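Working notes, beginning with the structure itself.
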Amino acid sequence: MAELTLDSVTKVFNEGGSDEVVAVDGVDIDIADSEFLVLVGPSGCGKSTTLRMIAGLETVSDGEIRLGGRYINDTPPAERDIAMVFQSYALYPHMTVRQNMSFGLEESTEMADEEIAATVEETATMMGIEDLLDRKPSELSGGQQQRVALGRAIVRDPDAFLMDEPLSNLDAKLRATMRTELQRIQEDLGVTTVYVTHDQTEAMTMGDRIAVLNDGVLQQVGTPLECYHTPNNRFVAGFIGDPSMNFFDVTLSGDTLTGESFTYPLPDDVRSSLDDATEVTLGVRPEDIEFHRKESAVGDHNFECVVDVVEPVGESNNVYLRFADDDRPDPEMFIVTISGMRNVSSGDRVVAAIPPEAIHLFDDRDGRALKNRSLADVDGVAPT
Ligand code: ADP
Ligand code: MG
């Protein structure tokens, strides 16, 4: 067990060539001992490259990686005491489950054969694969193979686990089960873990903290709720959350935001947080928009709207709205989530209220959050 530190870690492929790629750009993350950190971001943002540098499968172009305080940039992978689990499982096809799980211990430790056998049995029981020990990988389902791959990592009792999208080949139901199980196992073992995924739901539900990466650049490190409610920038705001935050392009003049199809006066305290920004993006989460019947008053922050599409999810409905006086052929749309028990149909006229305390504002020059949602009414997140 150990803490893991990434200090300005950079990876440049084909450095100096015409096909140079800066895959990871000055990433700083301190991962505490026993922490479960999820590294999340879109495809191609540098997640696997980061993990491979930590594992020693890729050289580091610049910066330092430390495990338990020890500089490991030049340490060969086999000497790092790190276990990695891949999406592809990477089991040895000609070996049984027992042999797959024993192999690493035989290679890298001085453990006696009986001790190895006992450790493998114990881990297999913990993973619920004790009945499969004498089968070959081809005789296992995808879920069972993934359990074996995890068991093979766990049995080594490493200082850190690295997992690269380990659940993405499983069907949705099994993925949900394995998520919970992995979290429980990680908590029981207390092994520092970096878990890579492109799936923001996985990041939100599994991480002690999440690190959001885009284009090789770290955007934010924080608890899932910090990233959700107080995003550093527009990228994080849009990436975390499903359905995504609604964004409106607006211009600030005086103390009013003017969009393509609406105006939105700002309260004084919000206005004063905007410095000299004039081109900004207004953001509001779908669940923060209040949805009223059309008899409700229309006002500064209450807009008459028309329901375009209703997507029932069961517990909730995702309702796509447009502003009633936006009669352009391609009107601006936004999403409101409401209770699944509420009856609403395409074509309904309604009133959508965007409460000033729920809005986010981002500077279009750099995407930086100028104002985030007020957290006075949200439990469990420190107001910032
Ligand atoms: P992710 O895992 O987030 O999808 P990767 O870390 O695999 O992203 O890739 C990050 C970037 O680095 C991508 O632009 C990818 O094309 C590039 N890349 C990855 N590996 C190599 C390589 N061996 N040579 C050149 N470019 C690479
Ligand atoms: Mg990857």
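One-based numbering, in listed order, for ligands and for the atoms of each. Remember, predicted model here, so these are calculated numbers, not experimental data.
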Next item on the list: Give a yes/no verdict on a cation-pi contact between Arg342 and Phe291, requiring under 6.0 Å between NZ or CZ and the six-membered ring centre and an angle within 45° of the axis.
Entry: no
Next item on the list: Decide, yes or no, whether a salt bridge links Lys371 with Asp269 under the criterion of side-chain N to carboxylate O below 4.0 Å.
Entry: no
Check: So is Gly44 in contact with ligand 1, going by heavy-atom distances below 4.0 Å?
Finding: yes
Check: Testing Glu202, Met206, Lys47 for side chain to side chain contact (heavy atoms under 4.5 Å, CB included) with Thr197, which one passes?
Finding: Glu202
Next item on the list: Return a yes/no value for Ser48: is any of its N or O atoms, backbone included, closer than 3.5 angstrom to an N or O of ligand 1?
Entry: yes
Notebook entry, point to check: What's the shortest heavy-atom distance between Met333 and Arg322, and which atoms?
Noted result: SD-CB, 4.1 Å
Margin query: Does any N or O of ligand 1 fall below 3.5 Å from an N or O anywhere on Lys47, backbone included?
Written below: yes
Item checked: Protein N, O or S atoms under 2.8 Å from the Mg ion (ligand 2) -> 1
Check: Which option out of Val21, Thr49, Leu39 puts a heavy atom nearest to atom 5 (P) of ligand 1?
Finding: Thr49
Next item on the list: Report the nearest protein non-hydrogen atom to atom 19 (C) of ligand 1: residue, atom name, distance rounded to 0.1 Å.
Entry: Phe13 CE1, 3.4 Å
Notebook entry, point to check: Does Arg179 count as lying over the ring of Tyr195, i.e. NZ or CZ under 6.0 Å from the six-ring centre, within 45 degrees of the axis?
Noted result: no
Notebook entry, point to check: Quick check, are the ring centers of Tyr264 and Phe248 under 6.0 angstrom apart?
Noted result: no
Notebook entry, point to check: Hey, what else clusters with Tyr92 if you join Ile, Leu, Val, Met, Phe, Trp, Tyr whenever side-chain heavy atoms sit under 4.5 Å?
Noted result: Met95, Phe103
Next item on the list: Decide, yes or no, whether a salt bridge links Lys173 with Asp171 under the criterion of side-chain N to carboxylate O below 4.0 Å.
Entry: no
Check: Which residues, ordered by chain and number, are linked to Val298 in its hydrophobic cluster, where ILVMFWY side chains connect at heavy-atom gaps below 4.5 Å, directly or through other members?
Finding: Val351
Check: To which residues is Val313 joined in a hydrophobic cluster, defined by side-chain heavy-atom contacts under 4.5 Å among Ile, Leu, Val, Met, Phe, Trp and Tyr, whether direct or through other members?
Finding: none
Next item on the list: Could you list which atoms of ligand 1 come closer than 4.0 Å to a heavy atom of Ser43?
Entry: 4 (O)
Margin query: With the threshold set strictly below 4.0 angstrom, can you tell me whether any protein non-hydrogen atom sits that near atom 25 (C) of ligand 1?
Written below: yes
Note to self: Just to confirm my output: which protein heavy-atom neighbour is closest to atom 12 (O) of ligand 1, and how far is it?
What the structure shows: Ala23 CB, 3.3 Å
